[in-house]
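Below you'll find the structure, written out as structure tokens, and then a few comments.
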Amino acid sequence: MDKKTTDEKVPRIRKSSLKVKENEKNVKPNRENKTRERIAKEKKDAKKTEEKRNTEEKEKGKISKAVRGTNPKITPNNQKKSTSSILPKKMSNLGWVNRSCVNDQAVKNRVQDLLSSRLIHADQQVEWLARSIQCIDLTTLAGDDCPSNVARLCSKAAHPLSDDLTNALQIKHGLLTTGAVCVYPARVADACLGLERLGANIPVASVATGFPTGQTSLKIRLEEIEFAVANGAKEIDIVINRELALSQNWGELYNELVEMRKACGESHMKSILAVGELCNLTNIYKASLVAMMAGSDFIKTSTGKETVNATLPIGLVMCRAIRAYNRKTGFKVGFKPAGGIRTSKDVLQWMTLMKEELGDDYLTSDLFRIGASALLNDIERNLGNHATGGYLMAEEMPMA
Ligand SMILES: O=C[C@H](O)COP(=O)(O)O
């Protein structure tokens, strides 16, 4: 494990180098004055920036009070930890992987139990739905994606709800954003530009490694990651090599994922398991462990292109793997269900799963994302219903 910090030797400063030579003082007074002025100016600028940031943070903090109730809290997405603070989380324990086995019937029972007795109460739904928006990776992954529809997606990510609705829910305009926008590598630059123009501090996620099938050479898959990172992607959604998982070649899968992790650099790596193609729950559990051991920041269910995508039993198995990994290593890896999540009811069920299996800590965008292209419209409609007592018409949702 790379958890320990390295004790770096601090270079010693020779005392003599700290002394200001008398003659230098006399010879270059102007330069010293200029340096002092520059330092004073820098301090003043830093103070101004700090004050500006404090005011912004204060404003944004109001969002948590704007939505009824206090649990779960809504905090602005741009308070996310910087990617550079993420430590590598590599470990290899293939014995653990090989010994793992999932009891299918127990999984079914647990999901039944979650669905029948633990759903979110109606009077908490507004705050949970508003919070779920912050966890959405708003996605477009279509062959005809182009700068204009990506710009539109960015606009929706930066302003997910109409002004009328944010006013009715007392959410200050512009403070609620999605967790990320997710696009193909060729559209990353468009997305970065679109968000920059809006002044939105939202990360761009890129699918990569031959998404959705991964059926190309490792070299090309790694180059694709590098291309997306170079274009500004802060999050990379890679697909795992299904052949290696299906043939139980966990060692080779681990090696490939480690290479991908390296290629991501400081960008987050989300590993898509393509669960619908892994045959059984035990394979999904094992692939989850391997992906986490190789340093994934998130494990993600699906590309949205398989026949079977995110289902609750599969989600439960992946959450249990995340929990086991956390208990063994102390690292918290995030979870991203994706594919076919389209309704407010779906998202509340996924949030219930997260809360019950992993706890409140995992209900922030640092550790929970929902990959979805159409979900936001349904959430908007439902919040509209809560605010006005009637469902919004399509024309009342201009960005839908
Ligand atoms: O990663 C995100 C998925 O591709 C989105 O799938 P969806 O279009 O079914 O919401």
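Whatever order the structure lists ligands and atoms in, that order sets their numbers, starting from 1. No experiment lies behind these values; they were computed from the predicted model shown. Just the heavy atoms: all of them, side chains too, but no hydrogens, waters or symmetry mates, feed the values below.
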- Query: Just which atoms of ligand 1 are under 4.0 Å from any heavy atom in Gly340?
  - Reply: 7 (P), 9 (O)
- Message: One residue to check: Ser373. Relative to ligand 1, which of side chain, backbone, both or neither has a non-hydrogen atom less than 4.0 Å away?
- Response: both
- Task: Can you establish whether the number of heavy atoms outside Glu243 located under 6.0 Å from its atom CD is more than 12?
- Result: no
- Item | ligand 1 N/O within reach of Lys336 N/O, cut-off under 3.5 Å | no
- Side-chain donor-acceptor pair under 3.5 Å between Asn255 and Glu259, yes or no? no
- State the atoms of ligand 1, each with its element, that fall below the 4.0 Å cut-off from a heavy-atom position in Ala338. 1 (O), 2 (C)
- Task: Determine yes or no for a side-chain-to-main-chain donor-acceptor pair under 3.5 angstrom, with Ser296 supplying the side chain and Ala291 the backbone.
- Result: yes
- Those atoms of ligand 1 less than 4.0 Å from some heavy atom in Arg342: 7 (P), 8 (O), 9 (O)
- Message: Checking a contact table here: which protein heavy atom is nearest atom 6 (O) of ligand 1, and how many Å away?
- Response: Gly339 CA, 3.6 Å
- Item | Leu141: numbered ligand 1 atoms lying under 4.0 Å from its heavy atoms | 4 (O)
- Item | Shortest non-hydrogen contact between Thr303 and Ile272, atoms and distance | N-CG2, 3.7 Å
- Message: Can you report which non-hydrogen protein atom sits closest to atom 3 (C) of ligand 1, along with the distance?
- Response: Thr303 O, 3.5 Å
- Query: For Glu196, does the CD atom have more than 12 heavy-atom neighbours from other residues, nucleotides or ligands under 6.0 Å away?
  - Reply: no
- Message: Treating Arg323 as the side-chain partner and Glu357 as the backbone partner, does any N or O pair qualify as donor plus acceptor under 3.5 Å?
- Response: yes
- Message: I want to know if ligand 1 touches Lys300 in the polar sense, i.e. an N/O pair below 3.5 angstrom.
- Response: yes
- Message: So does Lys270 get a backbone contact from the side chain of Asp237, meaning a donor-acceptor N/O pair under 3.5 Å?
- Response: no
- atom 5 (C) of ligand 1: closest protein heavy atom, distance to 0.1 Å, is Gly371 O, 3.9 Å
- Task: Give the atoms of ligand 1, by number and element, whose distance to some non-hydrogen atom of Ala372 is under 4.0 Å.
- Result: 10 (O)
- More than 12 heavy atoms of other groups within 6.0 Å of Lys305 NZ: yes
